[in-house]
Amino acid sequence: MHPEHFYVLPGNVSRGEVVFDKEEIHHITRVKRKKKGDVVWAVDGEGGAYEVKLTAVSSREARGKILHTRRRLGEPVAEVTLAQGVLKGERFDWLVEKTTEIGIRRIIPMLTETSETLAGPQKLARWKRIAVAALKQSGRSILPEITPAREFHQVMAMGASCQYRLMAACHRTGTSFRLSADSSALTTSRVLLVVGPEGGFTREEMDLAEENGFQLVHLGPRRLRAETAGVVFSTLILANLGELE
Ligand code: SAH
């Protein structure tokens, strides 16, 4: 069976040993019922993955001896950032979970003309917890960064440091999604994907995106819910970059 993954804070990895913190102790003992001697993976969210043999498992502590170390276990090479209009209710939670599983490196909750909700520190903390759970579940080793909310124009400016800047737009554009024939050459790319909130982008926002070198792309003839569009767009780009093979 695929060994279980647990999260360890980077500061709790020392030479030869990892020490799990309180939340993980609960997960290891109560949820997954691990015992001393079991072999599991510990991932530190910064690309470190450690195969460990548990040496102590109790309600107060959980630690393991490192057997093997791997860098960037389960990670795509491409660094894909998804800037998505903040969504109401639990829809953004869902987006964070799914795009973490798929392999997105950074998620930017974006405030746009039509976005109707904010993203305060409490939400950020919740999204981080969701991302940690998805990180473990999916076998990744880098925790996606979830930035504080950014304004649309700030996201536009970030595009300058990316080779690929793509905006998902329902109407107005004839371009369907294709990167290039030889997309494998792009695997080290930094990619910025921009997806609207429920109300979509305004004409001005689309114009601004084009002025900033974004390619407007459509994701097929059906109008998707915003969070579906975020997931579909992320999947398409990673597949095009050969990262889902
Ligand atoms: N009411 C809006 C729809 C917004 S859908 C309107 O009519 O414009 C929310 C976001 O999802 C959009 O801003 C876009 O970024 C993305 N999206 C949804 N379906 C899409 C599609 N078929 N192609 C490209 N982007 C899409």
Side-chain angles (χ1 to χ4, degrees), residues 78-119 123 127 130-131 134 144-160 162-180 183 186 189-241 243-244:
E79 287 181 25
V80 182
T81 297
L82 172 66
Q84 167 106 38
V86 269
L87 304 169
K88 286 188 272 186
E90 289 174 1
R91 292 185 184 278
F92 211 90
D93 296 2
W94 186 86
L95 179 89
V96 168
E97 180 176 273
K98 300 308 166 207
T99 54
T100 300
E101 290 170 30
I102 292 164
I104 290 299
R105 179 67 66 82
R106 185 185 300 109
I107 301 168
I108 304 177
M110 183 172 62
L111 306 173
T112 73
E113 204 77 40
T114 68
S115 58
E116 294 170 30
T117 180
L118 296 173
K123 278 192 190 169
W127 293 333
I130 292 171
E145 178 194 3
I146 304 175
T147 72
R150 301 273 186 251
E151 298 284 344
F152 181 77
H153 68 87
Q154 294 178 295
V155 173
M156 292 292 105
M158 286 173 200
C162 299
Q163 285 97 329
Y164 271 87
R165 310 183 261 286
L166 306 169
M167 171 187 259
C170 300
H171 7 251
R172 215 181 74 150
T173 163
T175 333
S176 63
F177 187 76
R178 275 284 171 280
L179 269 186
S180 78
S183 51
L186 307 169
S189 292
R190 287 159 61 101
V191 180
L192 177 56
L193 306 179
V194 180
V195 179
E198 293 91 343
F201 291 118
T202 62
R203 182 159 291 270
E204 290 70 32
E205 285 169 335
M206 291 192 228
D207 287 343
L208 198 64
E210 283 189 316
E211 282 162 28
N212 280 279
F214 281 74
Q215 183 191 340
L216 268 51
V217 295
H218 72 79
L219 304 171
R222 288 156 293 276
R223 189 168 62 217
L224 308 173
R225 274 194 177 275
E227 69 277 18
T228 315
V231 166
V232 168
F233 208 8
S234 302
T235 309
L236 270 176
I237 186 95
L238 283 164
N240 259 263
L241 292 169
E243 300 278 14
L244 301 186

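Read the numbers this way: they start at 1 and go in the same order the structure lists the ligands and their atoms. In this chain, numbering begins with 1 at the start of the sequence shown.
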If you count the atoms of ligand 1 from 1 in the order shown, which ones are under 4.0 Å from a heavy atom of [X]?
X	value
Pro197	9 (C), 10 (C)
Cys170	17 (N), 18 (C), 19 (N), 20 (C), 24 (C), 25 (N), 26 (C)
Arg223	3 (C), 7 (O), 19 (N)
Ala226	9 (C), 11 (O)
Gly220	22 (N)
His218	23 (N), 24 (C)
Glu198	1 (N), 2 (C), 3 (C), 4 (C)

Heteroatom distance test ([X], ligand 1): nitrogen or oxygen, under 3.5 angstrom:
X	value
Ala229	no
Val217	no
Gly196	yes
Leu219	yes
Pro221	no
Arg222	yes

Are side-chain heavy atoms of [X] and [Y] found at a separation under 4.5 Å?
X	Y	value
Met110	Phe152	yes
Leu193	Ser234	yes
Trp127	Asp93	yes
Thr99	Gln84	no

Distance in Å, [X] [atom1] paired with [Y] [atom2], rounded so as to fall on 0.5 Å steps:
X	Y	atom1	atom2	result
Arg106	Leu82	CZ	CG	11.5 Å
Glu90	Ile130	CD	CD1	8.0 Å
Ile146	Phe92	CD1	CZ	7.5 Å
Leu208	His153	CG	NE2	9.5 Å

**Asked** Looking only at atom types and distance, does a side-chain atom of Arg165 sit under 3.5 Å from a main-chain N or O of Asn212, one as donor and one as acceptor?
**Response**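 A pair under 3.5 Å: yes.
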
**Request:** Give the contacting part of Arg225 toward ligand 1: side chain, backbone, both or neither, where contact means a heavy-atom distance below 4.0 Å.
**Result:**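 For Arg225, there is no contact with ligand 1 at all, from either part.
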
